[in-house]
Amino acid sequence: MAPLSAPQGRRIGAETVADLAARVHALRLADDVLSGGDLIEPAFRALHAGVRLHREAAFSERTGRALLVQIGELAQIAGWIASDAGRHSDAERAYTLGISAARQAGDRPLVANLAGSLAYQHSNTGREREGIDLAHAAVDEAGPDAPPKTRALFLDRVAWAHAKAGEARSAIQALGAAHDALGSADTDDAPAWAYWVTQAELEVMDARAYTELRRPLRAVPLLEDVLGRYDATHTREVALYRSWLAVALADANEPERAVEEAHRTIDVSGDLTSTRTSERVRVVLTRLRAYDDLPEVRDLMNAHGHLLLI
């Protein structure tokens with residue numbers, strides 16, 4: 001792919017911004033099937049190229065705003081990829097840069113997407129209270145008139161933040177509000193970056209939240225249903241969802257089935273360069289230690305217990 005650049009002071013227009021937008025969407029689609037470690041370098045090269053364009057090129061006010069939007073979108077996917085690769089400081093810097101660009105462009109749903117993405121990282125890295133506060137701020141930033149798909153996404157991040165903090169009532173209320181928001185989507189006015197927000201994805205978040213809240217009777221059927229029809233090419237997501245199913249089965253006192261899912265999780269995630277999947281494997285193995293009197297669990301630990309040390 002040719003470098004995206006312009007000699008200092010050269011005027012750019014809609015074609016250059018469209019090229020940048022195509023690169024952003026290509027990264028999103030690549031993230032569906034590849035892991036953070038595979039994509040972090042091209043993602044940050046593209047982000048730095050977009051920032052250079054804004055700093056060095058000349059453009060109209062309209063083109064400048066469109067360029068800022070694409071920088072914000074690039075920052076979001078670059079941050080997401082960095083977080084998956086375990087580069088949390090890089091991810092936070094990217095999200096912060098993107099919030100600034102989106103705010104300058106006046107794109108409130110994009111500001112909310114970036115803030116919600118950072119909230120999600122906080123929730124997953126031991127900063128649960130910051131995650132809750134920022135997830136709620138993202139919903140407020142987007143406002144009640146945000147496209148329904150985006151509002152559903154932001155509310156799902158609120159639900160996850162509360163679930164990670166063990167706040168069941170608030171989490172379940174937010175899950176319901178997310179479904180209500182998506183159900184009101186009678187127009188296709190959502191931005192391109194919300195393409196993946198579907199009923200199935202909301203059900204995945206329901207199941208993950210119920211697993212975190214130790215409610216396996218709700219989580220297990222949802223995860224089994226989703227995995228039964230999920231796109232197998234999305235390997236990282238399949239590994240992640242199987243990891244939650246393994247934990248939920250363990251919580252439901254079904255350790256033999258949990259071991260089966262643990263093996264599947266490890267097999268699927270073996271070649272992934274994703275810190276998230278590695279962490280989830282450790283969570284599953286740690287949870288199954290409670291059943292170490294079972295031969296199936298002992299065999300699992302003999303084969304894969306070393307993963308707890310990585």
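Computation of the quantities below employed the complete heavy-atom set of this structure, encompassing side-chain atoms and omitting hydrogens, waters and symmetry-equivalent molecules. Not measured: the values here are computed from a predicted model.
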- [ ] Have a look at Met205 and tell me which of Leu175, Leu222, Leu153 forms a side-chain contact (heavy atoms from CB on, under 4.5 Å) with it.
- [x] Leu175
Task: Steps toward ring-ring contact (aromatic ring centres under 6.0 Å, His included) verdict (Trp80, Tyr120) - done: CA-CA 10 Å; Trp80 188 262; Tyr120 186 78; 5.4 Å; yes
Is any side-chain heavy atom of [Y] closer than 4.5 Å to one of [X]?
| X | Y | result |
| --- | --- | --- |
| Leu288 | Leu294 | no |
| Glu261 | Ser243 | no |
| Gln76 | Val24 | no |

For [X] and [Y], work out which heavy atoms get closest and say how close.
| X | Y | answer |
| --- | --- | --- |
| Phe154 | Ala138 | CD1-O, 4.5 Å |
| Gly37 | Ala85 | N-CB, 3.8 Å |
| Ser83 | Ala91 | N-CB, 3.8 Å |
| Ala75 | Leu114 | C-CD2, 4.1 Å |

TODO: Before giving the answer on side-chain contact (heavy atoms from CB on, under 4.5 Å), spell out for Val297 and Glu256 the whole-Å C-alpha distance, their side-chain angles and the decisive distance to 0.1 Å.
DONE: CA-CA 8 Å; Val297 173; Glu256 294 86 359; over 6 Å; no
Open item on the list: Between Arg215 and Ile172, does the side-chain contact (heavy atoms from CB on, under 4.5 Å) criterion hold? Intermediate values first, please.
Closed with: CA-CA 11 Å; Arg215 300 193 178 196; Ile172 292 170; 3.4 Å; yes
Sequence neighbours left out, what pairs pass salt bridge (Lys or Arg N to Asp or Glu O under 4.0 Å) with at least one residue falling in [range]?
| range | result |
| --- | --- |
| residues 62-79 | Arg28-Glu73 |
| residues 107-121 | Arg108-Glu141 |
| residues 81-94 | Asp84-Arg236, Asp84-Arg276, Arg87-Asp90, Asp90-Arg93, Glu92-Arg127 |
| residues 220-229 | Glu203-Arg229, Glu224-Arg257, Asp225-Arg229 |

Task: Verdict with supporting geometry, Tyr210 and Arg218, side chain to side chain donor-acceptor pair (under 3.5 Å) - done: CA-CA 6 Å; Tyr210 287 134; Arg218 292 191 179 189; 3.1 Å; yes
Open item on the list: Please tell me whether Asp133 and His122 have a donor and an acceptor in their side chains that are separated by less than 3.5 angstrom.
Closed with: no
Kindly say whether [Y] contributes a backbone atom to a donor-acceptor pair with the side chain of [X] at under 3.5 angstrom?
| X | Y | value |
| --- | --- | --- |
| Ser123 | Ala119 | yes |
| Thr63 | Phe59 | no |
| Thr125 | Gln121 | yes |
| Ser274 | Thr277 | yes |
| Thr16 | Ile12 | no |

TODO: Would you mind listing every side-chain hydrogen bond (donor to acceptor under 3.5 Å, both in side chains) that reaches into residues 291-310, with sequence neighbours excluded?
DONE: Asn253-Tyr291
Task: Residue pairs passing the side-chain hydrogen bond (donor to acceptor under 3.5 Å, both in side chains) test where at least one lies in residues 158-177, sequence neighbours excluded - done: Asn124-Trp160, Arg129-Glu167, His136-His162, His162-Glu167
Open item on the list: Apply side-chain contact (heavy atoms from CB on, under 4.5 Å) to residues Leu118 and Leu134 and explain how you reach the verdict.
Closed with: CA-CA 8 Å; Leu118 182 54; Leu134 193 52; 3.7 Å; yes
